[in-house]
There are 2 protein chains.
Amino acid sequence: MARASDTLIEQLKHDIFSGLLKPGDQLEEADLAARFGVSRTPIREAIRSLVDCGLLETRPRKGAMVRVLTAKELNDLFEVAAELEGMACRLASDLLTLSGKKDIETGLEMCRVAAEAEDIPAYAQANLAFHAAIHKASGNAWLVDQLDQIQARINVYRLMPYEVVGRLEKSLAEHREISDAIFAKNGALANTLMRDHMMLQGARLPSLLKALE
Amino acid sequence: MARASDTLIEQLKHDIFSGLLKPGDQLEEADLAARFGVSRTPIREAIRSLVDCGLLETRPRKGAMVRVLTAKELNDLFEVAAELEGMACRLASDLLTLSGKKDIETGLEMCRVAAEAEDIPAYAQANLAFHAAIHKASGNAWLVDQLDQIQARINVYRLMPYEVVGRLEKSLAEHREISDAIFAKNGALANTLMRDHMMLQGARLPSLLKALE
DNA sequence: TACATATTATATGGATACATATGGAAACTA
DNA sequence: TAGTTTCCATATGTATCCATATAATATGTA
């Protein structure tokens, strides 16, 4: 049987990503224990894991709360994300396998369909799939891990930068350029294009953060 | 009072870095509890944290052991480290503050002294200080965190690539070039030089790994 | 009425007790 | 003697219990 804390971690992550738990919300061990029908022990282990992966923070004797990122921290995070996303493109260009190419094409096609339907939630998901395909195609397991974790932290803020008019089509066009560069095995170009693509999202951060208030 | 598990984490990290605990070694909770004079609860919390930061791994019902990295995983790790180290140089070049410059100069001077004395352990430490100064000078807190974690994972393998004749002087010369590029605010050059510098270490990995067997 | 202090309630941090699955040893059989 | 099966020891995973620090509230005084 799997450990109870593993289930709890998934559940709590889901609660945070879905917005049920918002940054700043307090987590009480006894409440969670009652809610999930387990003792405080696995609850505490789950909380500790989430603290370690940066989703929660604790003050001694004060318990855990969903971590609040400052604008500076979010910006730093985006900067690292942009660098690593670019790196993934470069590696994917160098390595480029048949199945890797196929996955990226699938992700791109998902983006195209969603953009054509102007379905923003679908595009957000397709966007994740496209990026994930590139991560995987890099062939570097650590890189995939790092990008997953960063993605998780960014996701908490549920930023939907596509709601700007025309951004969907523009994002799709950038995805096309990036894929083309990778398929042409032009790592340097793919790297740059992806960095720029990410930075465009990051540039919107300040206004989006204000909108959250 | 600080949490007991925090002390345990530091102690266990030290044991791992110092080689007292080697990759593959099994950790038994009861033993550790007796050794540190605490109950199993804080021990378990410490173990969980170390699992989360990648230093240990657990199999259900089988407990924790010091994580063993394959050659491929170590290589991937180095690749990411090289990218992020290069990024730190670029950001440090852009931002360059007076105190940042001073810290880097201090680190470089430590390297010079150690290299002149041909003191390999001292150089290893000075090397860390030099790199840490650049990390900090980047002004990106996430980047510093990531690099710290990667450094910790690499350190477990106690790679001492300086034992090659002349490598100390060569490493020092590279450090000088990197600092010069940063001080000249030439981010692109600093980035490239650092990437190359890191890759030179990474290239020695296979032979060093074999030597560990 | 406002501020300070003391008391109490409560939630976290740690210890201990209990359940259960896994690995190893021993015994039995082919 | 080798292999298989069963039993037991032990270590992990979970629950509960205890200690203590913190915070909130109430009371008393200025």
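Note on naming: letters A, B, ... go to the chains in the order of the sequence lines (proteins, then strands), and numbering restarts at 1 for each one. Basis for what follows: all heavy atoms, side chains included, without hydrogens, waters or symmetry-related copies.
- As a whole-Å value, the separation of B:Arg59 CZ from C:dG23 P is 11 Å.
- Of all the residues in residues 27-41 of chain A, A:Leu27, A:Glu28, A:Glu29, A:Arg40 reach under 4.0 Å from DNA chain C with at least one non-hydrogen atom.
- Taking atom CD on A:Glu45 and atom C1' on D:dA15, their separation rounds to 12 Å, with Å as the unit.
- Remark: A:Arg195 engages no residue in a side-chain hydrogen bond (donor to acceptor under 3.5 Å, both in side chains) (not counting sequence neighbours).
- Residues satisfying the side-chain hydrogen bond (donor to acceptor under 3.5 Å, both in side chains) criterion with A:Glu85, sequence neighbours excluded, are A:His131, A:His135.
- A salt bridge is absent between A:Lys62 and A:Glu57; no separation between the charged side-chain nitrogens and carboxylate oxygens falls under 4.0 Å.
- Pair check for D:dA30 finds C:dT1; Watson-Crick or G-U wobble, both atom distances under 3.5 Å.
- Atom CZ in B:Arg3 sits about 15 Å away from atom P in D:dA21, given to the nearest Å.
- The distance between atom CD1 of A:Ile43 and atom P of C:dG13, rounded to the nearest whole Å, is 14 Å.
- Taking the nucleotide of DNA chain D with the nearest heavy atom to each of A:Lys62 and B:Gly63, the more 5' of the two is matched to B:Gly63.
- Listed pair A:Arg61 / D:dT22 fails the phosphate criterion, with no side-chain N or O lying under 4.0 Å from OP1 or OP2.
- Listed by chain and residue number, A:Lys72, A:Glu79, B:Asn140, B:Ala141, B:Trp142 satisfy the side-chain contact (heavy atoms from CB on, under 4.5 Å) test with A:Asp76 (two or more places apart in sequence, or in another chain).
- Here A:Arg112 pairs with A:Glu109, A:Glu116 under the salt bridge (Lys or Arg N to Asp or Glu O under 4.0 Å) rule; sequence neighbours left out.
- B:Arg44 contributes no side-chain N or O that forms a donor-acceptor pair with the base of C:dG14 under 3.5 Å.
- Partners of B:Asp52 according to the side-chain hydrogen bond (donor to acceptor under 3.5 Å, both in side chains) rule, which considers only residues two or more places apart in sequence or in another chain, are A:Ser49.
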